[in-house]
Number of protein chains: 2
Amino acid sequence: MSAQRILGIDPGLRVTGFGVIEMHGQQLRYVASGCIKSSDKDLLPARIATLFAGISEVIATYRPDQSAIEKVFVNVNPQSTLLLGQARGAAISALVHGGLSVAEYTALQVKQAVVGHGKAAKAQVQAMVVRLLGLSGAPSADAADALACAICHAHGGQGLGALATAGYRVRGGRLIG
Amino acid sequence: MSAQRILGIDPGLRVTGFGVIEMHGQQLRYVASGCIKSSDKDLLPARIATLFAGISEVIATYRPDQSAIEKVFVNVNPQSTLLLGQARGAAISALVHGGLSVAEYTALQVKQAVVGHGKAAKAQVQAMVVRLLGLSGAPSADAADALACAICHAHGGQGLGALATAGYRVRGGRLIG
């Protein structure tokens, strides 16, 4: 099987994280990651335009084969829920417009896949992303979440069981060694 | 000033209404209207893809110069708010990707512009859209809302005052004659 590139997206109106990884069989390789930001001083259509154009540019640059995006949850503030929903709708639009399949994973699934349990803190997700991809430095929290979502997809949305099968050593929900 | 085509959008995940009108100075002319529907049996990315492609097709077919979209409100059900937000984000993405400016109006502004008061029922909006555009039959409620949004934009987001200036006879918040 040839290498597959996966684009992971952690959607948000203020900051959308993206991460691109390459899967050679069971081996994962880091390709790129970063953030697309929009200012809350801009009107919503301009912010949606920034987000859509940003993701489209990532797709044009790194040419992923598949994509995965985090499911989002309703916020205590309904207005925030509405804004987050619009950002996620724009992100999915850019992915489908770019011809990509779009898989969806909850934050719980992503954390279970990468850290081994669903209540992991942001810092743990970052640390595991660094380890799994052999990075020399930690990506920003949003980029790390996007990379984690791509990793989750690479392992079929499964947890560390899949990683263990892939040759990683796992004990008590943690990678060891 | 040459004729300007305005695309109005009433966003929704299940049904998104669209309406295209042409503005020759103060004269309004109906061009087209309809609905883009998606099935709740499909996964969200497929529904977003349908909505994005549908609006893109409307833009390619009718080549509007400007667009206007209804602002949406938070629902009592937060999950519905999230879905509606994602539909609206996809709609705005299609509009900005199509190179259109996007104006936003609340349902209150739209109703005030078309019926003359903000508490108008759906049937009143439909009836006024039929009258203002000289239609031979009533469009569906979603298409009528989209046409109403386009009419609101044509009159600069203003109420019946603008219509009166344009030669319509208005009394007590209603068009007469």
Side-chain angles (χ1 to χ4, degrees), chain A residues 7 9 11-13 16 36 38 42-57 59-60 66-106 149 153 157, chain B residues 7 9 11-13 16 36 38 42-57 59-60 66-106 149 153 157:
Chain A
L7 168 58
I9 297 285
L13 189 58
T16 284
I36 299 155
S38 81
D42 287 336
L43 292 173
L44 185 76
R47 302 182 76 178
I48 294 284
T50 300
L51 178 48
F52 184 89
I55 293 181
S56 296
E57 192 180 321
I59 294 171
Q66 304 168 34
S67 75
I69 186 166
E70 272 206 24
K71 282 189 179 170
V72 295
F73 287 96
V74 298
N75 196 291
V76 283
N77 178 345
Q79 202 56 40
S80 300
T81 301
L82 193 56
L83 289 175
L84 179 55
Q86 292 177 91
R88 191 169 190 270
I92 294 175
S93 294
L95 297 172
V96 297
H97 177 67
L100 300 176
S101 63
V102 181
E104 302 182 283
Y105 300 102
T106 62
C149 190
H153 183 66
Chain B
L7 167 58
I9 297 285
L13 189 58
T16 284
I36 299 155
S38 83
D42 288 335
L43 292 173
L44 185 77
R47 302 183 75 180
I48 295 283
T50 299
L51 177 48
F52 184 89
I55 294 181
S56 296
E57 191 180 321
I59 294 171
Q66 304 169 36
S67 75
I69 187 166
E70 272 205 26
K71 283 190 179 170
V72 295
F73 287 96
V74 297
N75 197 292
V76 284
N77 178 344
Q79 202 57 40
S80 301
T81 301
L82 193 55
L83 289 175
L84 179 55
Q86 291 177 92
R88 192 170 189 269
I92 294 175
S93 294
L95 296 172
V96 297
H97 177 66
L100 300 177
S101 62
V102 182
E104 301 182 285
Y105 299 102
T106 62
C149 190
H153 183 65

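Each chain gets a letter, A, B and so on, in the order the sequences are listed, and its residues count up from 1.
- Contacts with chain A were tallied for B/L95, B/L44, B/L51; B/L44 has the most, counting heavy-atom pairs under 4.5 Å.
- No other option in A/I69, A/I48, A/V72 has as many heavy-atom pairs under 4.5 Å with chain B as A/I48.
- The CD1 atom of B/I92 sits 10.5 Å away from atom CG of A/L43, with the distance rounded to the nearest 0.5 Å.
- For residues 81-91 of chain B, the interface with chain A (any heavy-atom pair closer than 4.5 Å) comprises B/T81, B/L82, B/G85, B/Q86, B/R88, B/G89, B/A90, sorted by residue number.
- A parallel orientation is assigned to the rings of B/F52 and A/F52, their planes being inclined by less than 30° (bins at 30° and 60°).
- Taking chain A as the reference chain and counting heavy-atom pairs below 4.5 Å, the highest number among B/S93, B/A46, B/A49, B/A103 is found for B/S93.
- Each of A/S56, A/S101, A/P78 has some count of heavy-atom pairs under 4.5 Å with chain B, and the biggest count is that of A/P78.
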